Amino acid sequence: MGCLLFFIMENIITVLTSRGLVEDITNPNLNDVVNEPITVYAGFDPTADSLQVGNLVTVMALAHFQRCGHKVIALAGGATGMIGDPSGKSDERVLLDQEQIEVNVTGIKENLSRFLDFENETAPALIVNNYDWLQKFSFIDFLRDVGKSFRVGSMLGKESVRARLESDAGMSFTEFSYQLLQAYDFLHLYDAEKCVLQIGGSDQWGNITAGIDLVHKRRGGQTYGLSIPLVLDSSGQKFGKSAGNAVFLTASKTSVYDFYQFFIRTADDKVVELLKIFTFLSLDDIAELEQSLKTAPEQRAAQKKLAEEVTLLVHGENGLRIAKSATDVLFGKSMEGLCAEDLLEVFADVTSTELQSEEVEGATALDLAVAAGLCKSKGQARRLIESGGLYVNNNRVPNLERVIEADDIIDSKLVVLRSGKRNFHLVKV
RNA sequence: GGCGGGGUACUCAAGCGGUCAACGAGGGCAGACUGUAAAUCUGCUGGCUACGCCUUCCAAGGUUCGAAUCCUUGCCCCGCCA
């Protein structure tokens, strides 16, 4: 049996390495260990009710594990989220209440369900919440059973702790204890699910090794850790922020259009790396796209493929369809042939204003822009029009006298205002 | 507690009695160019019933025909000495 599996299973470490998803592993033996199916887990912090594209890196790694025949567990940190992981944070985190965390855990589960197969016959994925086991501990029990196995010296040595102790913000006992909880998670999953590997972002290294040590001390078992490199954008910033806002996987927080566009705007020198990380495209396909980048950069084939693949994975076929038709309308010159309902879907997340029909029909474009709140004042609207930056239904407003006619109101319901290239505002009549 | 410097638009920062809705830079917005990149160039950046009018330069008073500019008081910053 082992032999058979050996031949049909691709070595997951090789796969991940070839896609740039491995920063470091705790023990080189892991290369051989994964030739048999193992159980692997990664934790997700419920700081919001949706994962962000940054989390997607870890999710993709988990998905690769599952595709290679391993059993994967996604751990939602319902309990640890209440404590706050100090790793990579310069300030003490504001504690979330339990109610909020439950909401967040639910949202995260929803996100994960798109990537992991929970129905798989041989190795269905599992979602667990560490609140389920950590919540049962009394403080005394925890200190006796878990705390006893930790040395303060090595806890103090962790990067996440050291950085904070040296900063002005300092660190509370609560956050200091965080690594014990995450370490205990590993022990619990080792016992309950025979989980022998934890993966996570490189900032999780200290927490992962703490878990490995704990399993070794308490059970004498050998476990492993694998860290994934932090993805940065071309300006060296943490990946996944767009104009200061995080890009979320949940459509209500980041529209499918914005999500799609985030990937479309990937810089040339970054797109190959992202294709490897965020899609399941073969390396051959990616090499082809890389070639097209050199021969026909203006086609942006690689960016388009990246955006399509990721949007499809996260938002499904319908999400991708909406994102693409939104892109057509928002970048295309004409909106002809689209009815008000199509437009409402396309502009679902665009700010909109409801006005009475007598405020719209017969009004000048200038007045409408102000009434809708697109421009703060008439002066601003006037300047916008004079510089040719205001559009009604994707047609430039030629002069200050332009009046909104009945024809401009699509299906007697909608007028689409736009300032500049992509700043849209919907007027509902 | 003593001495000195200062508070101007989103930010920095000129202005020191009229020519000030307030120089300049950054940022932001728009236009041209372009590959939804980067760079570059141009315009705009208090409000309005708009070649004019109104409200602004920490706050409140005062001097003056006229103040962001001078005086008084208050509030707040920042240096230096105790």
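Just so we're on the same page: letters track the sequence lines, and every chain starts at 1. Keep in mind that what you see is a predicted model, and the values were worked out from it rather than measured.
- Summarising the geometry, the separation between CG on A/L306 and P on B/U36 is reported as 16 Å, rounded to the nearest angstrom.
- Counting only heavy atoms from C-beta on, A/T327 has its side chain closest to B/U36 among B/G35, B/A30, B/U36.
- Taking the P atoms as reference points, B/G52 lies 38 Å from B/U72, given to the whole Å.
- In this structure, CZ of A/R382 is placed 12 Å from C1' of B/G47, rounded to the nearest angstrom.
- For the pair A/E386 CD and B/A50 P, the interatomic distance rounds to 14 Å; values are reported in whole Å.
- A sub-4.0 Å separation between OP1 or OP2 of B/A30 and a side-chain N or O of A/R418 is absent.
- Distance from the side chain of A/K421 is smallest for B/C33 among the nucleotides B/A50, B/C33, B/C29.
- Judged by closest nucleotide on RNA chain B, A/R396 is the one of A/R396 and A/Q261 placed further toward the 5' end.
- For B/C51, the glycosidic angle deviates from 0 by 90° or less, giving a syn base.
- When distances are taken from the side chain of A/K378 to each of B/C48, B/G35, B/U36, the shortest belongs to B/C48.
- Comparing B/G18 with B/C70, their P atoms sit 11 Å apart, to the nearest whole Å.
- Of the inter-residue distances, the one linking A/R321 atom CZ with A/T311 atom OG1 reads 13.5 Å to the nearest 0.5 angstrom.
- RNA chain B is contacted by both A/Y260 and A/S377; A/Y260 maps to the nucleotide lying nearer its 5′ end (nearest heavy atom per residue).
- Atom name P, nucleotides B/G79 and B/G24: the rounded distance is 32 Å, in whole Å.
- Nucleotides B/C41 and B/A25 place their P atoms 12 Å apart, quoted to the nearest Å.
- Regarding A/D268, its CG atom lies at a distance of 11 Å from the P atom of B/U36, rounded to whole Å.
- Side-chain contact, A/N35 with A/N11: a donor N or O sits under 3.5 Å from an acceptor N or O.
- Using Watson-Crick or G-U wobble geometry with both donor-acceptor distances under 3.5 Å, B/G18 finds its partner in B/C65.
- Under 3.5 Å, the side chains of A/Q204 and A/Q198 contain no donor-acceptor pair of N or O atoms.
- An OP1 or OP2 oxygen of B/C44 is reached within less than 4.0 angstrom by no side-chain nitrogen or oxygen of A/S387.
- Rounded to the nearest Å, the gap between the P atom of B/C57 and that of B/U19 is 16 Å.
- In the model, A/N104 has no side-chain atom that pairs as donor or acceptor with a side-chain atom of A/D49 under 3.5 Å.
- A/S419 comes within 4.0 angstrom of the backbone, heavy atoms only, and of no base.
- Put simply, CG on A/D367 is 12 Å from C1' on B/U49, counting in whole angstrom units.
- Checked by atom type, the side-chain pair A/T353/A/H425 shows a donor-acceptor distance below 3.5 Å.
- Pairing of B/A59, defined by two Watson-Crick or G-U wobble distances under 3.5 Å, is identified with B/U73.
- Across the C1' atoms, B/U36 and B/G27 are found 22 Å apart, a figure rounded to whole Å.
- Residue A/D258 contributes atom CG, which lies 13 Å from atom C1' of B/U36 at whole-angstrom precision.
- Using C1' as the reference atom, B/C76 and B/A59 are 11 Å apart when rounded to the nearest Å.
- Here, B/G15 and B/A9 have their C1' atoms 14 Å apart, quoted to the whole Å.
- With A/R418 as reference, A/N394 is the one residue of A/N395, A/N394, A/N423 to meet the side chain to side chain donor-acceptor pair (under 3.5 Å) rule.
- For A/R383, a side-chain nitrogen or oxygen approaches OP1 or OP2 of B/G47 to under 4.0 Å.
- Rounded to an integer number of Å, the gap from CD of A/E298 to C1' of B/A38 is 16 Å.
- Within a 6.0 Å radius of CD in A/E298, other residues, nucleotides and ligands contribute more than 12 heavy atoms.
- In this structure, B/C29 forms a base pair with B/G43, meeting either the Watson-Crick or the G-U wobble geometry with both donor-acceptor distances under 3.5 Å.
- In this structure, the nucleotide among B/C48, B/A30, B/U36 sitting nearest to the side chain of A/N423 is B/A30.
- The interatomic distance linking A/Q380 (CD) with B/A30 (P) rounds to 10 Å, in whole Å.
- Residue-level contact check: A/Y391 touches the backbone only, with heavy atoms under 4.0 Å from sugar-phosphate atoms and none from bases.
- The nucleotide whose nearest atom lies closest to any side-chain atom of A/L384 is, among B/G47, B/C29, B/A50, B/C29.
- Base pairing of B/C3 is made with B/G79, judged by Watson-Crick or G-U wobble geometry with both donor-acceptor distances under 3.5 Å.
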